[in-house]
Amino acid sequence: MTEEKAKPANFIEKIIQDDLASGKHDNIQTRFPPEPNGYLHIGHAKAICVNFGLAQQFGGQCNLRFDDTNPEKEEDEYVQAIQSDVKWLGFDWAGDIHYTSDYFDQLHEWAVYLIKEGKAYVCDLSAEQTKEYRGSFEKVGTNSPFRDRSIEENLALFEKMRLGEFDEGACGLRVKIDMTSPNMSMRDPYIYRIKKATHHQTGDKWCIYPSYDYAHGQSDALEGISHSVCTLEFADHRPLYDWFIENLPVPAQPHQYEFGRLSINYTVTSKRKLRALVEGKVVNGWDDPRMPTISGMRRRGYTPAAIRHFCDSLAVSKTDGTVDVAQLEFFIRDDLNQNAPRGTCVINPLKVVINNMAADHSENITVPFLQDRPEMGERDVPFSSEIYIDQNDFKEEYSKKFKKKFCVGKRIRLRHGYVIEAEGFEKDEQGNIVQVNAKLIENTLGCDPEDGDKPKGVVHWISCAHAVEAELRMYKRLFSDENPDGGNKDFMECLTPDSLEVTTALIEPALAGVAPESVFQFEREGYYVADRVDHSIDKPVFNLTIGLREDKGLAS
RNA sequence: AGGGGUGUAGCCAAGCGGUAAGGCAACGGGUUUUGAUCCCGUCAUGCGUAGGUUCGAAUCCUGCCACCCCUGCCA
């Protein structure tokens, strides 16, 4: 297994090292704060690895906190799915799960505190008016006409908001900062809004909900988070984050640090777009193996280690780059090459009849599941006079390009088995080769032919009488455009036409009964996983995780 | 002169004044009972750009250019 070699410290690690050295912090506490409004994707995997990884690395802890301040968009289904994804990735949060909604009482109390301090006010401006008053990038904002209400009036109004006496949008609580700030998020941001929605955690207790900006930093403080790591787009909010920490009697002084969000080419990492794919039935759910969601990658056969290694290979920096999907693919191949047991699957069967064997001959060849890993065991592979090889491995005419293929007059090694030599073939009316006639070269199990005529190539094969049918689901990348997320194009127009191809193939008997989620390398074909949902011994179903690397200059 | 952030190879990235790490990709070659794996080798006289400081600059200074983010009572 490739254990991570010494990597240079990233800028956040350096900050933490300094904070530990200077005594600013004795203990490192981070958090992963997803909003339960969708499934986690590969971008979240990076955030998870960064936050949990930092805690591990510096002997601290990482909380899992659901940032659930918007009941209209959030659901319990997502909080369950997120927990299971984080665990599957191999991380354990410290103590209980946290919810921002755990702090609604405290947050409300602090809002009242801000009103009493004269730093917050109830504003009756409509959404459109708020926008007008806010000004623009070039134009400073104008103070709301409600900005100077008395503390008593604000207290009374805010209480009425809480009691549900106003309609949604009728008013909201704003913090009094600076309508002329060049930073738009400092122009008297709203910190409480009315939403008469049932919350998945707090039910109907509240009809006013805190905003992200108001809730986040205070939740961090309440949990004793030392380093609150988020993505770059929140950098503009840092002054606001700090403003709350300075103006409220919070129990700790957390700091926010931002790093670049992960983008990968040929895919999208935006919950909005992923949801559109699910709702538009472009894919079969959030866990469709084509999805860059954690659950989709899991169903595709990606392993937690491969995803972790990929994330660890990424930089934690402030550049917004796009990583080549080949880098992700490298890590899944790397893991599976080392750890996936091997098996045989013939996708386009071509019968080979071995004429110099008794028609009823049958023997078992014992084959290790993984060469050089005896602890992974071995299986019996039945061999008989009629076998299937792949159509692509037999060529009617020899050519240099096909020097490792099988053709008349040439010998080929049956993987883990004997050497055979082709003597002729038969075609159907359409001219397709339907059968190859061959002879077995004696004494070639585990050794070369005695006459010194060594075969150039190796093919995988299955005994006809023992082959088991399996459904194969072969996936291509969902998007054929390198940057479906980019610019002004419609990502739905960038879809690969046939990204899923379902076919029937033949697998060796030992593979039929494997447990769902077992990943194999079907030798010379690729890595396949027994489908988590649909695979059974009666109807084996395998998903293509990823193909083997191929020698580029070669056609098949 | 709105504000914030970023520019090092096809991609990601280290480098923090002493003469361009590493990974992915690509390309050569070797081994191989998987055209896989593995092994070996090649791949920036150059660090967005123009000047300046210095014995010496990707690193310091100045100007310019490009890209990303910000005007939700979303996160």
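Sequence lines set the chain letters: A, B, ... in the order given, protein chains first and strands last, and positions in each chain run from 1.
- A:Leu370 comes within contact range of no nucleotide atom at all, as no heavy-atom separation falls under 4.0 Å.
- A 3.5 Å limit on both hydrogen-bonding distances identifies B:C65 as the Watson-Crick or G-U partner of B:G7.
- You'll find that the side chain of A:Ala235 is closest to B:G4, out of B:G4, B:A25, B:U71.
- In this structure, A:Tyr209 reaches neither bases nor backbone, as no heavy-atom distance under 4.0 Å exists between it and the strands shown.
- Side-chain N/O atoms of A:Gln327 and A:Ser313 include a donor and acceptor closer than 3.5 Å.
- Classified by interplanar angle (parallel below 30°, tilted 30° to 60°, perpendicular above 60°), the ring pair A:Phe491/A:Phe479 is tilted.
- Stacking is not found between A:Tyr192 and the pyrimidine-like six-membered ring of the B:C73 base under the 5.5 Å centre-distance and 30° plane-angle cut-offs.
- Within the shown strands, nothing qualifies as a pairing partner of B:A44 under the Watson-Crick or G-U definition with both distances less than 3.5 Å.
- Of the candidates B:G35, B:A75, B:U71, B:A75 carries the atom nearest the A:Arg193 side chain, counting heavy atoms from C-beta on.
- Considering only side-chain N and O atoms, A:Thr130 lies nowhere under 4.0 angstrom from the phosphate OP1 or OP2 of B:C73.
- As judged by a 4.0 angstrom heavy-atom cut-off over every strand, A:Lys14 is placed among the base-contacting residues.
- Judged by centroid separation below 5.5 Å and plane tilt below 30°, A:Tyr212 does not stack onto the base of B:A75.
- As judged by a 4.0 angstrom heavy-atom cut-off over every strand, A:Gly321 is placed among residues touching the sugar-phosphate backbone only.
- Between A:His44 and A:Phe32, the ring planes are perpendicular. Angles over 60° get that label, and only those under 30° would be called parallel.
- A:Arg333 comes within 4.0 angstrom of no nucleic acid atom, judged by non-hydrogen atoms across all strands.
- Between A:Tyr39 and A:Tyr78, the angle of the ring planes goes over 60°, which puts this pair in the perpendicular group of the 30/60° scheme.
- Set against B:C11, B:A13, B:A36, the side chain of A:Asp551 has B:A36 as its closest nucleotide.
- Taking the six-membered ring for Trp and thresholds of 30 and 60 degrees, A:Phe520 and A:Phe369 have ring planes inclined between 30 and 60 degrees apart.
- Residue A:Leu125 is classed as a base contact, given a heavy-atom separation below 4.0 Å to a base.
- Taking atom P in both B:U71 and B:G10, one finds a spacing of 34 Å when rounded to whole Å.
- Listed candidates were B:A75, B:U34, B:C73. Nearest to the side chain of A:Phe234 is B:A75.
- Residues satisfying the ring-ring contact (aromatic ring centres under 6.0 Å, His included) test with A:Tyr214, not counting sequence neighbours, are A:Tyr192, A:Phe244.
- Counting any heavy atom pair closer than 4.0 Å across all strands shown, A:Glu35 reaches sugar-phosphate atoms only and no base atom.
- Side-chain nitrogen and oxygen atoms of A:Lys403 include none within less than 4.0 Å of the OP1 or OP2 phosphate oxygen of B:G35.
- Checking B:A75, B:A13, B:G35 against every side-chain atom of A:Ser211, the shortest atom distance belongs to B:A75.
- Residues that satisfy the side-chain contact (heavy atoms from CB on, under 4.5 Å) test with A:Cys311, not counting sequence neighbours, are A:Ala45, A:Lys46, A:Cys49, A:Ile307.
- Across the strands present, B:G35 finds no partner; the criterion is a Watson-Crick or G-U wobble pair with both atom distances under 3.5 angstrom.
- Of the side-chain N and O atoms in A:Arg342, none sit less than 4.0 angstrom from OP1 or OP2 of B:U37.
- Of the candidates B:C24, B:G7, B:U34, B:U34 carries the atom nearest the A:Glu523 side chain, counting heavy atoms from C-beta on.
- Across all strands shown, B:G56 forms no Watson-Crick or G-U wobble pair with both distances under 3.5 Å.
- On the P atoms, B:C60 is 24 Å away from B:G22, given to the nearest whole Å.
- Comparing B:U37 with B:G51, their P atoms sit 47 Å apart, to the nearest whole Å.
- Residue-level contact check: A:Ser136 touches the bases, meaning some heavy atom is under 4.0 Å from a base atom.
- A cation-pi geometry, defined here as NZ or CZ lying under 6.0 Å from the six-membered ring centre and within 45° of its normal, holds between A:Arg477 and A:Tyr266.
- Base engagement by A:Gln521 is indicated by at least one non-hydrogen atom pair under 4.0 Å involving a base atom.
- Remark: the separation of the C1' atoms in B:C11 and B:G17 is 29 Å, to the nearest Å.
- Nucleic acid contact class of A:Ser185 (heavy atoms, under 4.0 Å, all strands): none.
- Residue A:Lys404 places its side chain closer to B:U32 than to any other of B:U32, B:A36, B:G10.
- Of the residues in residues 67-77 of chain A, A:Asp67, A:Thr69, A:Asn70, A:Lys73 come within less than 4.0 Å of RNA chain B through at least one heavy atom, sorted by number.
- Taking the six-membered ring where the residue is Trp, the centroids of A:Phe542 and A:Phe522 are separated by under 6.0 Å.
- Syn is the conformation of B:G72, whose glycosidic angle sits no further than 90° from 0.
- Note on A:Cys447: a base of the nucleic acid sits closer than 4.0 angstrom, heavy atoms only.
- Between the CD1 atom of A:Ile194 and the C1' atom of B:C73 there is a distance of 9 Å, given to the nearest Å.
- With distances taken from any side-chain atom of A:Asp236 to the nucleotides B:A75, B:G3, B:G5, the minimum falls on B:G3.
- No contact: A:Ser181 has no heavy atom under 4.0 Å from any strand.
- Taking atom P on both B:U59 and B:G52, the two are 14 Å apart, rounded to the nearest angstrom.
- A distance of about 45 Å separates the P atoms of B:C68 and B:G35, rounded to the whole Å.
- A:Arg134 comes within contact range of the sugar-phosphate backbone alone, with a heavy-atom separation under 4.0 Å but no base atom that close.
- Taking atom P in both B:G15 and B:A9, one finds a spacing of 16 Å when rounded to whole Å.
- Contact between the side-chain N/O atoms of A:Lys195 and the OP1/OP2 oxygens of B:C74 is found at a separation under 4.0 Å.
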From CA spacing to verdict: ring-ring contact (aromatic ring centres under 6.0 Å, His included), A:His237, A:Tyr241: CA-CA 6 Å; A:His237 298 233; A:Tyr241 183 103; over 10 Å; no
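- At a cut-off of 3.5 angstrom, counting only N and O atoms as typed in the model, there is a donor on one side and an acceptor on the other between the side-chain of A:Gln327 and the base of B:G23.
- Across the C1' atoms, B:G30 and B:A66 are found 45 Å apart, a figure rounded to whole Å.
- Looking at heavy-atom distances under 4.0 Å, A:His460 makes no contact with the nucleic acid at all.
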